[in-house]
> 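Structure in structure tokens, see below.
These numbers come from the heavy atoms of this one structure, side chains and all, not from hydrogens, waters or symmetry mates. Just so we're on the same page: letters track the sequence lines, and every chain starts at 1.
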2 protein chains.
Amino acid sequence: MSVSKPSTDAQRPRRTQAERSETMRQRILDATLECLQKDGYGGTTVSRIIEVAGVSRGAPLHHFPSKSALIAASAEQLIRRVYIQMGKAVAKLQGSEDRLHDLIYSAWKNVFNRPEHIALHELLVASQRDQELAEILQKVWTAGYFTLGNAADHYLEPIGDQANVRDMMILTQWLLRGMAEDLHIVANRKLFDRYLKLWCEMLAVHLRARAGVTEPPPRPPQWDSSPSNDS
Amino acid sequence: MSVSKPSTDAQRPRRTQAERSETMRQRILDATLECLQKDGYGGTTVSRIIEVAGVSRGAPLHHFPSKSALIAASAEQLIRRVYIQMGKAVAKLQGSEDRLHDLIYSAWKNVFNRPEHIALHELLVASQRDQELAEILQKVWTAGYFTLGNAADHYLEPIGDQANVRDMMILTQWLLRGMAEDLHIVANRKLFDRYLKLWCEMLAVHLRARAGVTEPPPRPPQWDSSPSNDS
DNA sequence: AAACATGCTGAACGTCCGTATTGTAAATGG
DNA sequence: CCATTTACAATACGGACGTTCAGCATGTTT
């Protein structure tokens, strides 16, 4: 219900305006993402957001010109978060014995089978009727393509000559996305593990670990800690 | 904008109450599905539905106790329609030269790459927060599993011994569903054909056409023309 | 310290939502 | 042929939506 309230503000009664403003802005963004995840796109109303954030009704529109701008800013932040997390996860696979399996599982566990992905997916679906959102969500394509694609290209190599590592990672992402949509339909969670394993076996026909890779994959360009500069 | 207006009602000024009622009911259901497809779940309001159907505001709630009941009835009807269509499509593949390829393409063209699937997908996403819808949408799992699974089992056989036809069809459905969500993001439509082809090649490692299959697959049980008996 | 600027509150506004109610034409049944 | 029932139209209602705005603290500047 609450999103990171400032510890005890008796401790620091004085903060600069910029500080106040930034924490408030962040609090609203976090509350929006929490709403998207728990209540869906349709349930993400201003009333609900301010309830979760614990702020007044006017606060969100003081920082964002409209609700759709707030959603857009939340989307940008979420995409960055999700794929940075994934980038970090796939950077720790040098010591793995079965790199293909661990890469796929890492993508599943760190992206598609996460609460954050629910919010991201809500936005993706909403973007079918919202041009502005669609342009932002295109970054998911790019982000996924490079994060998973680069990592796979770094750790794995094709076995045959017509196989292509990056293409198979694109198929992987579509598959995992489709799987994630059945999480609430299919009760038996172990089923998903079974099919994930089957998918790894199908990939293993065409991909194998590169020999002697001890370095983590190169980091994507600007994705370190650019705060949140948007609209 | 309009959904199957009665041809020329000057021709038949008298119809039984049951007839009037049934056509009206169907008109409302069709309008609801059209709304779901064009305006999404959130945009499917009573106002929009009656505008599309060209009926009064009271009409929908005369036939359905509430809006959610209307949505539920529409969902049931849609699921039946979509997978009957798929069943018919995959029943014509005996003459195909590349049955695996044609089966996958048929699933894509007749289900996932169709306007109706957009509506179905909206309902699937909404069912994450709606228990009643979720129970209805479970039928999509069952329907997909049997329709595509049975057909594949009929036309194809595993090559290795650990391969399983039905499991691979489940992966196929997840993949196609995930692909369909990027249709509005990725401008180049030919890309999807490329990846569909790649997927077929990956499947071809494990599946091949059964020899001497000239019959169409057996029809699923009750799926012929049961009108629309629900809630 | 006084004057100003900024960050946010909280009430209010108009619009649209889903539903309830009342009225009217058409079909049914004696 | 008329009373009754059914099918739908039309309007009204309370509530929730996104947005606006005057007011009040809290920093900032002079």
> Using 4.0 Å as the upper bound for N to carboxylate O, is an ion pair formed by B:Glu181 and B:Arg177?
no
> Between P on C:dC8 and CZ on A:Phe64, what's the gap in Å once rounded to a whole number?
11 Å
> NA contact type, A:Ala59, heavy-atom cut-off 4.0 Å: base, sugar-phosphate, or nothing?
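Base contact - A:Ala59 has a heavy atom under 4.0 Å of at least one base atom.
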> On the nucleotide D:dC8, are OP1 or OP2 found under 4.0 Å from the side-chain N or O atoms that B:Ser56 carries?
no
> Starting at atom CD of B:Gln26, determine the distance to atom P of D:dA7, rounded to an integer number of angstrom.
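Whole-Å distance recorded here is 16 Å.
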> Assuming nearest nucleotide by heavy-atom distance, tell me which of A:Thr16 and B:Ala18 is located more 5' along DNA chain D.
B:Ala18
> Regarding A:Asp39 and A:Arg48, does a basic nitrogen lie under 4.0 Å from an acidic carboxylate oxygen?
yes
> For A:Glu122, is there an ion pair with B:Arg129 - N to carboxylate O distance below 4.0 angstrom?
yes
> Check this for me, if you would: do A:Arg25 and A:Asp30 make a salt bridge, where the nitrogen-to-carboxylate-oxygen distance has to be below 4.0 angstrom?
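Answer for the salt bridge query: no.
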> Under 4.0 Å: is that the gap between some side-chain N or O of A:His62 and OP1 or OP2 of C:dT6?
no
> Give the rounded distance in Å between these two atoms: CD1 of A:Ile50 and C1' of D:dC17.
12 Å
> Whole-Å distance between C:dG7 C1' and A:Glu19 CD?
14 Å
> Side chain of A:Gln17, heavy atoms from C-beta onward: which of D:dA9, D:dG27, C:dC8 has the nearest atom to it?
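Closest nucleotide among those given: D:dG27.
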> Can you work out whether B:Gly58 or B:Arg20 has the more 5'-proximal nearest nucleotide on DNA chain C?
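The 5'-side residue here is B:Gly58.
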> Could you state the CG-C1' distance from A:Asp39 to D:dA16, rounded to the nearest angstrom?
15 Å
> What integer distance in Å separates A:His63:NE2 from D:dT19:C1'?
16 Å
> Would you give me the side-chain donor-acceptor pairs under 3.5 Å for residues 166-174 of chain A, sequence neighbours excluded?
residue: A:Arg166; atom: NH1; partner: A:Asp153; partner atom: OD2; Å: 2.7
residue: A:Arg166; atom: NH2; partner: A:Asn150; partner atom: OD1; Å: 2.2
residue: A:Asp167; atom: OD1; partner: B:Tyr195; partner atom: OH; Å: 2.7
residue: A:Asp167; atom: OD2; partner: B:Arg194; partner atom: NH2; Å: 3.0
residue: A:Thr172; atom: OG1; partner: A:Met168; partner atom: O; Å: 2.7
residue: A:Thr172; atom: OG1; partner: A:Trp199; partner atom: NE1; Å: 3.1
residue: A:Gln173; atom: NE2; partner: A:Gly144; partner atom: O; Å: 3.3
residue: A:Trp174; atom: NE1; partner: B:Asp182; partner atom: OD2; Å: 2.7

> Check the distance between D:dC17's C1' and A:Ile71's CD1 and give it to me in whole angstrom.
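Rounding to the nearest Å, CD1 of A:Ile71 and C1' of D:dC17 are 13 Å apart.
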> Which residue, A:Ile79, A:Leu123, A:Ile28, A:Thr32, forms the side chain to side chain contact (heavy atoms under 4.5 Å, CB included) with A:Ser74?
A:Thr32
> Using atom names, set out every protein N or O paired with an N or O of nucleotides 16-19 of chain C below 3.5 Å, distance rounded to 0.1 Å.
residue: C:dC17; atom: OP1; partner: B:Thr45; partner atom: OG1; Å: 3.3
residue: C:dC17; atom: OP2; partner: B:Ser47; partner atom: OG; Å: 2.7
residue: C:dG18; atom: OP1; partner: B:Lys67; partner atom: NZ; Å: 2.6
residue: C:dG18; atom: OP2; partner: B:Val46; partner atom: N; Å: 2.7
residue: C:dG18; atom: N7; partner: B:Arg57; partner atom: NH2; Å: 2.9
residue: C:dT19; atom: OP2; partner: B:Lys67; partner atom: N; Å: 2.9
residue: C:dT19; atom: O4; partner: B:Arg57; partner atom: NE; Å: 2.9

> Would you mind reading off the distance between A:Ile28 atom CD1 and C:dC8 atom C1', rounded to a whole angstrom?
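Whole-Å distance recorded here is 9 Å.
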> Taking side chain to side chain donor-acceptor pair (under 3.5 Å) as the criterion, tell me which of A:Lys139, A:Gln138, A:Gln131 meets it with A:Glu135.
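Among A:Lys139, A:Gln138, A:Gln131, the one that satisfies the side chain to side chain donor-acceptor pair (under 3.5 Å) with A:Glu135 is A:Gln131.
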